[in-house]
2 protein chains.
Amino acid sequence: MKPSDRSIKRNITMSEVAAHAGVSRATVSRLLNNRESDIKITERTRQRVFDAIRELGYSPNRLAQGLVSRKKQVIGLSIPSFAPPDPSNPSWIDMHSTHIGKMVCGVQMVTHQRRYDIHLFERYEYQNEGSIAADDPRLDFVDGMVYATPNPEYPHYENILRSGLPLVFIGPNTLSLPVSSVSVDNTAVHQEITRCLVQAGHTRIGLLLAEPFQAPLSQLRLAGYQQALMAHGLPFCENYVLAGSFDVSHMQACARQIFEVRPAPTALIIGRPDFALHVAREMQRLKLRSPADVEVVVYGDDHAFEHMSPRLTAFDVTQQLLAEQATCMLFDELNGLAPSGRHLTLSGRLRIRDSSPMTGFFLEETPVTNIETAATTKGGVIGPNAVPIA
Amino acid sequence: MKPSDRSIKRNITMSEVAAHAGVSRATVSRLLNNRESDIKITERTRQRVFDAIRELGYSPNRLAQGLVSRKKQVIGLSIPSFAPPDPSNPSWIDMHSTHIGKMVCGVQMVTHQRRYDIHLFERYEYQNEGSIAADDPRLDFVDGMVYATPNPEYPHYENILRSGLPLVFIGPNTLSLPVSSVSVDNTAVHQEITRCLVQAGHTRIGLLLAEPFQAPLSQLRLAGYQQALMAHGLPFCENYVLAGSFDVSHMQACARQIFEVRPAPTALIIGRPDFALHVAREMQRLKLRSPADVEVVVYGDDHAFEHMSPRLTAFDVTQQLLAEQATCMLFDELNGLAPSGRHLTLSGRLRIRDSSPMTGFFLEETPVTNIETAATTKGGVIGPNAVPIA
DNA sequence: TTGTAAGCGTTATCAA
DNA sequence: TTGATAACGCTTACAA
């Protein structure tokens, strides 16, 4: 059919239903909005209306509903994108869509059971654009926002706040903003990983950060690393700390560089899964074995780690779970069941594999208390499954 | 702040802007909707209005705009989920979020540059619920739909069609529906893979299907496989064909079963990345080497393949690209630049690695003609087919 | 060039 | 128990 043929199909309206049923619009609306409630409506009218609805194939226009009721049954999900994709580079590893996928699935898990939809925003922060400003019209579509950011002082969220929409961060709330957030304690985890490595006898521990030094996330991690060293009387040597970027060649350069430091590090903490894959590749090149030559722990898990050799020990931040919990918190605020400004710290999960035994790793289990999700109720089940299609 | 404190912040309306600027609502609207156009408006008025907009921090309500103009600047993305997640199973591989991520990123790529948003639907087809019915109110939020499905006779889309919304499938349009679609030719690819393996001397080629036999996708693949065998005068032996499901233990069972067939297959075509990982694990257990003992080709790529040993040769269906192209087609229809009912077949990309050299693999390059995307403009994602990877 | 007024498809407040 | 009618915030003829 030609584009011109495409009938701009007008949907059945409530008025038509009302007319068909011989009642007023108001009656139809009442009926529809008080399904379960015990509102007084003649059985006869009720029947007529529902018949009309069925016969006409009516369904309410959500835009109109949203306009007047201000409820859209949609929650917004905003995810940052920090680096442009580079699929032409064969070494490029698509962690971005993996990350997006996990977030989406986590949020989806919760929204689905509440029959909400997801309105997706992606922020191209590396382009310095796409900021969700207060005047961003897109906010009209949602009832609340889940906002993922490792960079909590980034000014975008201010606008969301000003808009008065409930908002939950996924990420470290380093500024202690009056906003709810859920995150993993980067400092604690790095401290604990470092402690384990120190106790295993390592004195030269490389730290590959995922972002520039000055980034909040890097600072948090560095702090944990340093605290652990200090606690055991080990010196901090900045040669062993490299700050990465999201650029493939930079990661590769770091991977090369860290093994050129002398004396060579005997253990490595790597801040991103893709970074780790580049390091692993470099280790292969250098014929370095793990854990024999270098013990490796990655912050951030990836299913590839389970299938390589050596299998890489990793701290799984369980992004999906973070997203799930964030969404639950958002719903609580939406429903007035909880105030904003709550902070939930999840503990993540250490996946011990070949590259490091991490004996004695301990992080208090997160008490996921007043927050109930599909995952918690289903007992540890965290994500939907799989369907590549073509 | 208490939930009760949360000010239901009323936004500035166009009327307020008009009042502030001393003009009528219509004038403001005109100004806003004809930014670039040469509509006649006094410079003086124009200034006053824009000043008012700035001072008041006004932004138009998209719900209201959508209600009257029927344009929402939002496109819907519907993705199926076929199996429940099973994260408690350590062998479970989260391909689902990976897949979602790629689709989302592909769509996002295009919507972003057109300043559209994404409204996300997930269909839990295994639950027989969540169908997007014609009366599904959620369709009100979107201008068009990208609908991913390996199962094109699934009746959901009918309702979208009835709604009159432009729709593009991602998946094989086996029913030749009057709907645009973009897909990889499963039959051709399987035929070509099989042909290569046969020409490499294999006569016993295992085919692990991703879905039940009767699934359309399985039929398409099987057809290609059989055609290639037939073309070379090889017998078809059904012992070498196993149909999988999305269940971990079933995939594992298949992995075991295929190696118990006698005489043992010397080559394997595996229908899903996670399936392949299970097979690889089993091969490790059986101390089978690849390609020496079994040559392996996977339909569907995964970054893990690049980092395992042996590295797995895979046909990358480039889901992200599919999603990108689908979205482009959708926009074309949306803008009346193209009729619906177009079918685009992408060629995907063979990633040659250790487990199979796939010498002589050839699939005609997809002519991605009137469709322009970030990927194509950046040159090379669609490019030549057989791309050995360093 | 600008303003008036009639929708868009709902919900919600009154009366009846 | 039901029905007018006024919002909700915008676009768009049609007038002025």
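Numbers restart at 1 for each chain; the letters A, B, ... are given by sequence-line order, proteins then strands.
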Interface limits on DNA chain D, where chain A has a heavy atom under 4.0 Å of a nucleotide atom
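The contact span of chain A on DNA chain D goes from D/dT1 to D/dG9.
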
Atom pair CD/OG of A/Q108 and B/S97 - distance to nearest 0.5 Å
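That separation rounds to 12.0 Å.
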
With sequence neighbours left out, write down each residue that passes ring-ring contact (aromatic ring centres under 6.0 Å, His included) with B/F331, or none if nothing qualifies.
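Partners of B/F331 by the ring-ring contact (aromatic ring centres under 6.0 Å, His included) criterion, ordered by chain and then number, come out as B/Y116.
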
Would you mind reading off the distance between B/E43 atom CD and C/dT2 atom C1', rounded to a whole angstrom?
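Going from CD in B/E43 over to C1' in C/dT2 covers 16 Å.
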
Starting at the 5' end of nucleotides 7-16 of chain C, put B wherever the base has a protein heavy atom under 4.0 Å, S where only the sugar-phosphate does, and a dash everywhere else.
BBBBBB----

Please confirm whether B/R123 makes a cation-pi placement over B/Y147, using NZ or CZ under 6.0 Å from the six-membered ring centre and within 45° of the ring normal.
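Cation-pi check for B/R123 and B/Y147: passes.
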
Between B/D51 and B/R48, does at least one N-O distance fall below 4.0 Å, as a salt bridge requires?
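Result for this pair is no, no salt bridge flagged.
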
Which residues pass the side-chain contact (heavy atoms from CB on, under 4.5 Å) test with [X], sequence neighbours left out?
X: B/T27; result: B/V23, B/S24, B/R30, B/T45
X: B/S180; result: B/V168, B/M329, B/E333, B/S340, B/R342
X: A/E16; result: A/R10, A/I12, A/T13, A/L56

Specify the closest pair of heavy atoms between A/L63 and B/L63, including all atoms of both residues, with the distance to one decimal.
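So the minimum-distance heavy-atom pair works out to CD1-CD1, 3.7 Å.
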
Side-chain N or O of B/T27 closer than 4.0 Å to phosphate OP1/OP2 of C/dG3:
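Affirmative; the distance criterion is met.
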
